Amino acid sequence: MPIVWTEDLGSSHAWRLRKGTMDGRPVFGKYGAVSPLFTSEAAGLRWLGPIAATVVSSGDGELVLEWIATEPPTRAAAERFGRELARTHLRGADAFGAPWPGFIAELPMPNEPAADWPAFYAADRVMPFVRRARLSSADARMIERAVARFAEVAGPAEPPSRIHGDLWSGNVLWSEGRALLVDPAAHGGHRETDLAMLALFGAPYLDTILGAYREEAPLAEGWRDRVPLHQLHPLLVHVCLYGAAYRDALMGAVSRVLAL
């Protein structure tokens, strides 16, 4: 059944957004230049499972999802989200990384499988964006010092978790008493990464989300101290996308990692 596009919703990053109908049901579309980004995103959504938006179809130039009718979040929905996020993480992954190409926004990132999270985080999530961010040589050296400490400050080793990878509050849609996730950079990663991303720009009822999460899947001691470590990657991405406005936040997180 063909899709009938009924409304142009504007743009986001490098793609256009549309609303339409397919076989009488509303759908949402993202489309743009031919790229593996859309099939990668579709693979991540399907892999995340019931906590994520439902994929209708995907191709090299378009991704179509079931339309999500949003509503204001509630504390009950936040509690449910915390539990469902914990269960998603606990489903695990074969390795750190993923078998599909990695993207965050329109930026490519490596997803080469690795057995060790600190090494994966350094090689596939932090250093590629240090090279892309056009930082001063002094800032880059300071980040490299922090990277050298990852194995020391990462906390107890954990198996790979099934994480969203770009879990800021704008990628959490509230609908019918629960949360559904969109725009993933899904991969096998450290579960504290998703929680640190929720905290980075604030999420509604964050304490309720975290409390329910910890009841379902307790976190290792010191997890709050490690939040800046897990925020290095998204802050670097923001420097790459938006420039020096995020430099101070990035370097503040670097300083806190060096102080661990």
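The structure displayed is predicted, hence computed values, not measured ones.
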>> Using a strict threshold of under 4.0 Å (side-chain N to carboxylate O), is an ion pair present between Arg25 and Glu66?
In response: yes
> Between Asp8 and Lys19, is there a salt bridge with N-O shorter than 4.0 Å?
Replying inline: no
>> Can you confirm whether the side chains of His164 and Asn171 place a donor and an acceptor under 3.5 Å from each other?
In response: no
>> Listing request: all ring pair (Phe, Tyr, Trp, His ring centres under 6.0 Å) pairs with a residue in residues 31-50, at least two apart in sequence or in separate chains.
In response: Trp47-Trp100
List, one per line, each side-chain donor-acceptor pair under 3.5 Å for residues 248-260, sequence neighbours excluded.
unit_1 : atom_1 : unit_2 : atom_2 : d
Ser255 : OG     : Met251 : O      : 3.1
Arg256 : NH1    : Gly252 : O      : 3.4

> Looking at Pro113 and Ala95, what are the two nearest heavy atoms and their distance?
Replying inline: CB-CB, 4.0 Å
> Do the charged groups of Glu7 and Arg18 touch, with an N to O distance under 4.0 Å?
Replying inline: no
> If we ignore angles and hydrogens, is there a donor and acceptor under 3.5 Å between the side chains of Thr208 and Arg75?
Replying inline: yes
> How about His230 and Tyr121: does a side-chain donor come under 3.5 Å of a side-chain acceptor?
Replying inline: no
> Counting only heavy atoms not in Glu112, do more than 12 sit closer than 6.0 Å to its CD atom?
Replying inline: no
> Is any NZ, NE, NH1 or NH2 atom of the basic residue among Glu152 and Arg149 found under 4.0 Å from an Asp or Glu carboxylate oxygen of the other?
Replying inline: yes
>> Applying a strict under-4.5 Å side-chain criterion to I, L, V, M, F, W and Y, I'd like to know whether Val237 and Leu232 cluster together.
In response: yes
